[in-house]
Amino acid sequence: MGKQGKEIVKADLKEVIGDLTKAYSDELLAHYQYWLAAKWIKGIDADTLKNVLEKQSMDELGHAEKLGERILQLGGELVMHPSQLLEKCGCGYKQPPSDPTDLKQVIIDVLDAEACAIRFYSKMAEKYRSTDLVTHEIFEDLLKDEVSDEEEWERFLAKL
Ligand SMILES: [Fe+2]
Ligand SMILES: [Fe+2]
């Protein structure tokens, strides 16, 4: 990042990079969790769910990309080994239920991940509101996406 771009960040750089890395790890884990669930699930209602999981899995990858770009911009390093994603994340990872027809459990696990992201991003958007506008805006954009993701999943759950 350029000189002026760095100068306008009033927050502690290490702390910002740490918070971004936490979110980055969660997004990559959600990306994999949703992608895997899409491949794993079976049953009459599974097809629609598969499509939504695949789409949202790619959305989460896009979120990881935005966060990763900001980490690099601030001079940070991206998580270099997948085993570290679990150490650095805040929301964790849920593997698909052993029964591939248990669509309800898949949705409950996704909703957990979305709710955790909403809580964290809302906190982060507040935290950097006046100390790092660019990071603030990234968290705010992601927050909007997760809020609409949650709504979509709640609708799904209600239909099952
Ligand atoms: Fe996300
Ligand atoms: Fe999401």
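Each ligand, and each atom within it, is numbered from 1 in the order the structure gives. Below, all heavy atoms of this structure are taken into account, side chains as well, without hydrogens, waters or symmetry copies.
Here Glu27 meets the criterion, with an N, O or S atom under 2.8 Å of the Fe ion (ligand 1).
A donor and an acceptor atom, one from each side chain of Gln56 and Glu152, are located under 3.5 Å apart. Checked by atom type, the side-chain pair Asp59/Tyr34 shows no donor-acceptor distance below 3.5 Å.
A 6.0 Å sphere centred on CD of Gln95 holds no more than 12 heavy atoms belonging to other residues, nucleotides or ligands.
Atom CG in Leu78 sits 10.0 Å away from atom CD1 in Ile17 (nearest 0.5 Å).
Ring orientation note: the planes of Tyr32 and Trp35 are close to parallel, at an angle under 30° on the 30°/60° scale. Aromatic ring pairs are classed by plane angle as parallel below 30°, tilted from 30° to 60° and perpendicular above 60°; the pair Phe120 and Phe139 is perpendicular.
Protein atoms of type N/O/S that fall under 2.8 Å from the Fe ion (ligand 2) number 5 in this view.
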